[in-house]
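Take a look at the structure below.
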Amino acid sequence: HFHTQFNKEIPWETMDMDFMNLNQSAHGDREFGHIVTRMRKNRKVVVGHWQDPEAQAKIAVWMRVSAAWADAQDMRIIRFGDQMNNVAVTDGDKVEAEMRLGYHVDYYPIADLVAVQNRVTEAEVDALVAEYEKEYDFADNCKAGGKDREQVRCAAREEIALRRFLEEKGAKAFTTNFDDLAGVDQLPGLACQRLMAEGYGFSAEGDWKTAALYRTMWFMGQGLPRGCSFLEDYTLNFDGKNSAILQAHMLEVCPLIAEHKPKLEVHPLGIGGKNDPARLVFTSKQGSGVAATIVDMGNRFRLIVNEVECVKSKELPKLPVASALWIPQPDFATGAAAWILAGGTHHTSFSYDLTTEYLEDYADIAGIEMVVIDKNTTIPQFKKELRLNEIYYMLNKALC
């Protein structure tokens, strides 16, 4: 809903009754506003002159979100394995998700992926490893002749198979599960990192909602410079006003958020019971971003958004994974407490390029609840918002 007019300024000296009759958008927009309000239609209202850069920027946000919403309406999500240990927060009502969000979630046994992997040729592996060598720095043990060179080749074979499988199934997102790896050499960390960079939605441990949200946020941010990733609250750093949360995972963090050129490394992984996996190791850029998750509240989906500030991280010599370090807004204690009160997951979809405005537009289009944790958040007010939302959605369901 764009509230504007063609002329920027009032033509004080020439405006007459004919002008008034022929230029009525200023109040015609209010007529349209009444219509859609009475119809209870969600919409974004942009006010400004059509040549105003700020108004154009708001419309541009809405256009990106609308394109991502359209992309989600036929989003097929492949799950290799179930939720990790049946973790409730990473699961949800898949039927309601298809009705409300457009997601279609399918399970496939890892054996189906292994069948594709077994058809990958050595020439295909050679070509992909050569691509790795152009794009990343290599640890010595991963270089030609290194003791873990074969593990790099196995990772490449898994990536080729995963991409081919997703293409054949028409899928836009997928999840893995480190309890379900029969027939593969290693947890496919490198493959997941690179597929995320191409725009495939991903989340670990069967978390299909975060995988889908990552795809949507990547789609919104196409062409923007700073990147996005799947992340997980890993551990906490208590340091007064500088208290922060280390974001990482076993392997699967997207290289789009890397501060410097990633390094391809192979190290043991004490979980999953497989051979040593390859992965890209790096620390993230510094700067502002948004972390988001969708949770199933039983009678509705809730989108939780936390504005965060990524700060300079340190090297992790004994934890060779990709990572980010952020301070949730308005501060560590308030941000973390509000996230927990809202029922947020330990997984998030994170973006440097998107703002809360993008996700607000998305929630309006989807017709789902949204709560925001930002610099203005206080715990008493946030608790009140959650309680009022509960009443609103209970009454809305009763009336419908």
Side-chain angles (χ1 to χ4, degrees), residues 36-45 65 69 83 86-97 99-101 103 207-210 212-213 216-217 231-233 236 241 243-245 288-309 326-351 354-400:
V36 290
T37 296
R38 178 146 183 187
M39 295 173 69
R40 277 45 173 194
K41 295 289 186 183
N42 289 342
R43 78 277 193 193
K44 179 175 188 171
V45 178
V65 175
W69 173 253
Q83 264 60 42
N86 300 308
V87 178
V89 74
T90 58
D91 205 352
D93 187 334
K94 299 177 184 67
V95 175
E96 186 67 21
M99 293 168 58
R100 177 66 64 182
L101 301 169
Y103 305 163
D207 184 359
W208 53 272
K209 297 193 305 299
T210 301
L213 183 60
T216 293
M217 291 175 67
L231 286 169
E232 174 178 291
D233 289 353
L236 310 175
K241 291 184 179 180
S243 294
I245 306 174
S288 301
V290 290
T293 188
I294 292 179
V295 295
D296 189 337
M297 296 298 294
N299 63 341
R300 66 193 185 277
F301 289 107
R302 171 182 286 167
L303 174 63
I304 307 168
V305 179
N306 193 182
E307 297 179 0
V308 302
E309 188 70 25
W326 73 41
I327 300 174
Q329 297 300 301
D331 56 68
F332 169 80
T334 304
W339 188 271
I340 290 169
L341 287 167
T345 64
H346 60 291
H347 292 161
T348 57
S349 177
F350 166 77
S351 173
L354 304 186
T355 62
T356 298
E357 182 180 1
Y358 287 83
L359 296 166
E360 182 179 5
D361 286 357
Y362 175 78
D364 281 344
I365 292 172
I368 62 174
E369 179 189 9
M370 175 179 172
V371 293
V372 179
I373 306 165
D374 60 16
K375 64 181 181 180
N376 299 314
T377 298
T378 66
I379 293 302
Q381 192 63 35
F382 194 73
K383 284 182 176 180
K384 184 182 294 184
E385 179 183 354
L386 294 176
R387 293 184 186 119
L388 290 173
N389 285 4
E390 195 69 40
I391 295 169
Y392 170 83
Y393 282 97
M394 287 176 65
L395 289 174
N396 189 57
K397 185 175 182 180
L399 291 171
C400 291

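For the numbers below, each heavy atom of this structure counts, side chains included, while hydrogens, waters and symmetry mates do not.
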Legend entry - Closest non-hydrogen atom pair between Gly343 and Ile304, with its separation: C-CD1, 4.0 Å

Legend entry - Audit row: Leu101, Ile368, side chain to side chain contact (heavy atoms under 4.5 Å, CB included) steps and yes/no: CA-CA 9 Å; Leu101 301 169; Ile368 62 174; 4.1 Å; yes

Legend entry - Atom pair CG (Leu231) and OG1 (Thr210), whose distance is rounded to the nearest 0.5 Å: 11.0 Å

Legend entry - Distance (rounded to the nearest 0.5 Å) between Gln381 CD and Leu386 CG: 10.5 Å

Inset, instruction - Determine whether the side chains of Thr293 and Arg302 contain a donor N or O and an acceptor N or O closer than 3.5 Å. - result: no

Legend entry - Salt bridge Glu357-Lys44, side-chain N to carboxylate O under 4.0 Å: yes

Legend entry - Interatomic distance, Thr378 atom OG1 to Asn376 atom CG [nearest 0.5 angstrom]: 9.0 Å

Inset, instruction - List for me each residue that meets ring-ring contact (aromatic ring centres under 6.0 Å, His included) alongside Phe350, sequence neighbours excluded, and say none if there are none. - result: Trp326, Tyr352

Legend entry - Check: Glu369 and Glu390 side chains under 4.5 Å, non-hydrogen atoms: no

Inset, instruction - Using a 4.5 Å cut-off on heavy atoms from C-beta on, say whether the side chain of Asp91 contacts that of Asp296. - result: no

Legend entry - By ring-ring contact (aromatic ring centres under 6.0 Å, His included) - contacts of Trp339 (at least two apart): none

Inset, instruction - Mind checking the CG-OG1 spacing from Asp374 to Thr334? Nearest 0.5 Å is all I need. - result: 11.5 Å

Legend entry - Phe332 side chain reached by Leu236 side chain, heavy atoms, under 4.5 Å: yes

Inset, instruction - Answer whether the closest heavy-atom distance between the side chains of Asp364 and Met370 falls below 4.5 Å. - result: no

Legend entry - From CG (Leu388) to NZ (Lys383), nearest 0.5 Å: 14.0 Å

Inset, instruction - I would like to know whether Val371 and Asn389 meet side chain to side chain contact (heavy atoms under 4.5 Å, CB included); could you show each step before the answer? - result: CA-CA 9 Å; Val371 293; Asn389 285 4; 3.6 Å; yes

Legend entry - Derivation and outcome, side chain to side chain contact (heavy atoms under 4.5 Å, CB included), residues Met217 and Leu359: CA-CA 9 Å; Met217 291 175 67; Leu359 296 166; 4.2 Å; yes

Legend entry - Contact check, side chains of Tyr393 and Met297, non-hydrogen atoms, under 4.5 Å: no

Inset, instruction - Carefully, step by step, assess Leu213 and Lys209 under the rule side chain to side chain contact (heavy atoms under 4.5 Å, CB included). - result: CA-CA 6 Å; Leu213 183 60; Lys209 297 193 305 299; over 6 Å; no

